[in-house]
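Encoded as C-alpha cells, the structure appears first; notes follow it.
In this text the structure is predicted, and so the values were computed from the model without any measurement.
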Amino acid sequence: CDDVSAFETEEIAARVLEAVSQPCADGVEAMKVTASLGIAIADSQSTPESLVRESDAAMYRAKLSGGSGIEIFDAALQNRLVKQREIELALAAALADPDGGGLRLDYQPILATASQELVDVEALIRWERPGHGPLAPDDFWYGVFEHVRALGEKDLRYAVELAEALEVDVPLARQAL
C-alpha cells in the first residue's frame, strides 16, 4: 500500500483493535479479547523477513506496555534488535568456548527461615562477557532460549563435576549426560 501514510496505517490498526476487542458471547458468558498490534513500515530496503521481525518486535513492545495497544517499529526498537542479535552471537561463542566464555554458575544457598538450615541450593547463570564486563541476567536472558540445550548440557556437566568433587552422588544428572 504505497499510498497509505503511517498515520493512516495507525488509524486502520486502531479500527482493527477496536473490532477485535468487542465483547463476544459463547452462549454462557461474555468474553473480551485483547490484542497487541505491531506495525512495520516498509521502505526500499525491506524484505518480508525484516518486516515480520520488525512488526513482531513492535508487537512485543505493545504487550510490555500493558497489552491491547498499537506500536510502530522505530529506531529505538532497531537499536534493541541489533543489541539483542549481538548478544545472541556472543552467547553462542561463549557456549562454544571450552573455557566457558565468561559463563559461570553461582550457587545460592536456600535456608529454612526458622532454623537457618540449608534446605536446597539454587544454581544461577552469570556471564562476565569478555570486553564488556558482567551482564545482568536481564541483558542476556532472551538469547539463552536459542541456546538452552547447549547451555543446559554445559551447566549440567559442570554441576556433576562439582558434585563429584564435593563427593555428592548425582546419578540422575550423570545419566542425563
> How close do Ala58 and Leu77 get, heavy atom to heavy atom, and via which atoms?
Replying inline: CA-CD1, 3.6 Å
> Shortest non-hydrogen contact from Ala94 to Gly101?
Replying inline: CB-O, 3.6 Å
> Would a hydrophobic clustering, with Ile, Leu, Val, Met, Phe, Trp and Tyr connected at side-chain separations under 4.5 Å, put Ile41 with Val16?
Replying inline: yes
> Taking all non-hydrogen atoms of both residues, which atom of Glu54 and which atom of Phe73 are closest, and how far apart?
Replying inline: O-CD1, 3.2 Å
> So with a 6.0 Å cut-off around CD of Glu117, is the heavy-atom count from everything else above 12?
Replying inline: no
> Does Glu8 reach the main-chain N or O of Ser5 with its side chain, forming a donor-acceptor pair under 3.5 Å?
Replying inline: yes
> Below 4.5 Å, heavy atoms only, C-beta onward: do Leu17 and Thr34 meet side chain to side chain?
Replying inline: no
> Cluster question for you: counting only ILVMFWY and a side-chain heavy-atom cut-off of under 4.5 Å, with indirect links fine, are Val119 and Leu111 together?
Replying inline: no
> Stepwise, does the salt bridge (Lys or Arg N to Asp or Glu O under 4.0 Å) test hold for Arg15 with Glu18?
Replying inline: CA-CA 5 Å; Arg15 289 197 311 265; Glu18 183 180 335; over 6 Å; no
>> Test side chain to side chain contact (heavy atoms under 4.5 Å, CB included) on Leu91 and Leu103; report intermediate values, then the result.
In response: CA-CA 9 Å; Leu91 183 58; Leu103 290 165; 4.1 Å; yes
> So which heavy atom on Glu10 is nearest to which on Ile39, and how close?
Replying inline: CA-CD1, 4.3 Å
>> Quick check: do Ile110 and Leu118 have side-chain heavy atoms less than 4.5 Å from each other?
In response: no
> At their closest point, which heavy atom of Ser65 faces which heavy atom of Glu71, and how far apart are they?
Replying inline: OG-OE2, 3.9 Å
>> I'd like to check Arg126 versus Pro137 (side-chain heavy atoms, cut-off strictly below 4.5 Å). Are they in contact?
In response: yes
>> Distance check, rounded to the nearest 0.5 Å: Asp139 atom CG versus Gln84 atom CD?
In response: 10.5 Å
> Closest approach of Ser36 and Lys63, non-hydrogen atoms and distance?
Replying inline: OG-CG, 3.4 Å
> Where the side chain of Trp127 meets the backbone of Ala136, is there a donor-acceptor pair that is under 3.5 Å apart?
Replying inline: no
> With a 4.5 Å heavy-atom cut-off, do Met31 and Pro23 have their side chains touching?
Replying inline: no
>> Is there a path of hydrophobic side-chain contacts, each under 4.5 Å between heavy atoms of I/L/V/M/F/W/Y residues, joining Leu37 to Val33?
In response: yes
>> A side-chain contact here means heavy atoms from C-beta on lying under 4.5 Å apart; do Glu88 and Lys83 qualify?
In response: no
> Do the charged groups of Asp74 and Arg61 touch, with an N to O distance under 4.0 Å?
Replying inline: yes
>> Could you see if Ile70 belongs to whatever hydrophobic cluster contains Val20? Use Ile, Leu, Val, Met, Phe, Trp, Tyr and a side-chain cutoff under 4.5 Å.
In response: yes
>> Would Arg129 and Ile87 count as a side chain to side chain contact (heavy atoms under 4.5 Å, CB included) here? Give the steps.
In response: CA-CA 9 Å; Arg129 186 173 166 205; Ile87 288 175; 3.9 Å; yes
